[in-house]
Amino acid sequence: MTLRAFCEPDVAMVQDLATDPYIPLIGSLPADADPAAALAWIGRQHARLAEDVGFSFCIADEEDRPLGFAGLWTRGLPGGRATAGYAVRPSARGRGVATHALRALTDFGWTFPDLHRIELYIEPDNIGSRRTAEQAGYRHEGLLRQHQEIGGRRRDMCLYARLREVADGPLRARGRVGR
Ligand SMILES: CC(C)(COP(=O)(O)OP(=O)(O)OC[C@H]1O[C@@H](n2cnc3c(N)ncnc32)[C@H](O)[C@@H]1OP(=O)(O)O)[C@@H](O)C(=O)NCCC(=O)NCCS
């Protein structure tokens, strides 16, 4: 499995993502997107880096067939933080795609020396996403009550996070604290 840039032939997969009732609620992909809307969404993913929003990757299998989406959002990088998000096309679910993609995305995150913490915000009843987070080494840190509006309703979110693993602790390794 690889994480790569989106390209035009991924339109059908993006349309597939748009059939999921939840995915259009948590991003800019319109529900039941037609090919033009899916292509426009791909164009917006390409703009994320230039806009300093972060990295939007297509998850692809060994034969480069697109399976989903994984994003690392880096606006918090000056504070040492990033957030991640992911979605897998319905036909590819339940065989470890999200788990592998989140592990790869996390490894990619640690290539930024200033990144110390990657956060995930997951609804309590999204068991598939919570299991994905746990399988990728993220720890549940607590419940953020009415944290954000999704689909016109304030929703509680579980906060998951992974920290950079360094032998001597994250801040000391950067030479900022400690004796
Ligand atoms: C959540 C999602 C990304 C999971 O993708 P996936 O490729 O099927 O996940 P994996 O196959 O890697 O499964 C990871 C774990 O979750 C479990 N799981 C997956 N879907 C599940 C479900 N619907 N209910 C319960 N457990 C589920 C798997 O069994 C596995 O756990 P295990 O290793 O203990 O058996 C996918 O369902 C999806 O795209 N959902 C819509 C978008 C979304 O919710 N994104 C996350 C927003 S926070």
Side-chain angles (χ1 to χ4, degrees), residues 1-6 10-33 37-38 40-42 44-45 48 53-76 81-110 115 117-163:
M1 187 176 304
T2 56
L3 300 180
R4 60 157 171 81
F6 279 97
D10 299 328
V11 159
M13 188 281 290
V14 174
Q15 286 188 267
D16 203 11
L17 289 177
T19 64
D20 182 296
Y22 190 57
I23 294 170
L25 299 180
I26 57 173
S28 71
L29 181 62
D32 298 318
W41 182 86
I42 288 174
R44 290 196 292 280
Q45 305 320 296
R48 298 292 184 233
V53 172
F55 300 81
S56 179
F57 293 110
C58 179
I59 308 167
D61 68 11
E62 303 70 31
E63 284 155 47
D64 204 33
R65 287 179 299 226
L67 303 176
F69 146 86
L72 186 73
W73 311 124
T74 52
R75 280 212 162 124
R81 292 182 296 275
T83 62
Y86 41 82
V88 172
R89 71 191 304 177
S91 61
R93 290 181 188 169
R95 49 185 165 98
V97 171
T99 301
H100 282 96
L102 182 58
R103 286 184 186 144
L105 189 73
T106 303
D107 288 344
F108 169 71
W110 302 142
L115 184 58
R117 177 179 163 86
I118 304 176
E119 298 178 342
L120 309 173
Y121 296 83
I122 305 176
E123 286 201 59
D125 63 358
N126 193 343
I127 303 301
S129 184
R130 294 182 67 174
R131 288 293 303 145
T132 297
E134 287 159 7
Q135 298 286 31
Y138 284 73
R139 187 189 292 182
H140 185 212
E141 295 188 337
L143 184 71
L144 303 171
R145 295 179 300 155
Q146 298 188 8
H147 182 255
Q148 65 198 74
E149 190 177 309
I150 296 176
R153 182 162 64 80
R154 297 297 305 184
R155 313 250 182 144
D156 296 346
M157 302 300 274
C158 295
L159 172 62
Y160 281 81
R162 244 191 94 165
L163 309 183

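Ligands are counted one by one from 1 in listed order, and the atoms in each one are counted from 1 as well. Residue numbers count from 1 along this sequence.
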J.: Using modelled atom types and a 3.5 Å cut-off, is there a donor and acceptor pairing between side-chain atoms of Arg44 and backbone atoms of Ser28?
T.: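 Yes; judged by distance alone, with no hydrogens or angles, the pair exists.
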J.: Which residues pass the ring-ring contact (aromatic ring centres under 6.0 Å, His included) test with Phe57, sequence neighbours left out?
T.: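 With neighbours one apart ignored, the set is Phe108.
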J.: Mind listing the N or O contacts between ligand 1 and protein, cut-off under 3.5 Å?
T.:
from, atom 1, to, atom 2, distance (Å)
ligand 1, 7 (O), Ala98, N, 3.0
ligand 1, 8 (O), Gly94, N, 2.7
ligand 1, 11 (O), Arg95, N, 3.3
ligand 1, 11 (O), Gly96, N, 2.7
ligand 1, 12 (O), Thr99, N, 3.0
ligand 1, 12 (O), Thr99, OG1, 2.7
ligand 1, 16 (O), Gly128, O, 3.4
ligand 1, 33 (O), Gln135, NE2, 2.5
ligand 1, 34 (O), Arg131, NE, 3.1
ligand 1, 34 (O), Arg131, NH2, 2.5
ligand 1, 34 (O), Gln135, NE2, 3.1
ligand 1, 39 (O), Val88, N, 2.8
ligand 1, 39 (O), Val88, O, 3.4
ligand 1, 39 (O), Arg93, NH2, 3.4
ligand 1, 44 (O), Asn126, ND2, 2.8
ligand 1, 45 (N), Tyr86, O, 2.8

J.: So, are Arg117 and Glu141 salt-bridged, with charged N and O less than 4.0 Å apart?
T.: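 The answer is yes: the pair qualifies as a salt bridge.
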J.: Measure the acute angle between the ring planes of Phe69 and Trp41, then classify it against the limits of 30° and 60° as parallel, tilted or perpendicular.
T.: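 Rings of Phe69 and Trp41: perpendicular, as their planes differ by over 60°.
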J.: Side-chain donor-acceptor pairs under 3.5 Å in residues 123-133, sequence neighbours left out?
T.:
from, atom 1, to, atom 2, distance (Å)
Glu123, OE1, Arg155, NH1, 3.3
Glu123, OE2, Tyr22, OH, 2.6
Glu123, OE2, Arg155, NH1, 3.1
Asn126, OD1, Ser129, N, 3.3
Ser129, OG, Tyr86, OH, 2.8
Arg130, NE, Tyr160, OH, 2.9
Arg130, NH1, Pro124, O, 3.0
Arg130, NH2, Tyr160, OH, 3.4
Arg131, NH1, Glu134, OE1, 2.9
Thr132, OG1, Gly128, O, 2.8

J.: Just jot down the side chain to side chain donor-acceptor pair (under 3.5 Å) partners of Arg81, sequence neighbours excluded, or say none.
T.: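 Side chain to side chain donor-acceptor pair (under 3.5 Å) list for Arg81, sorted by chain: empty.
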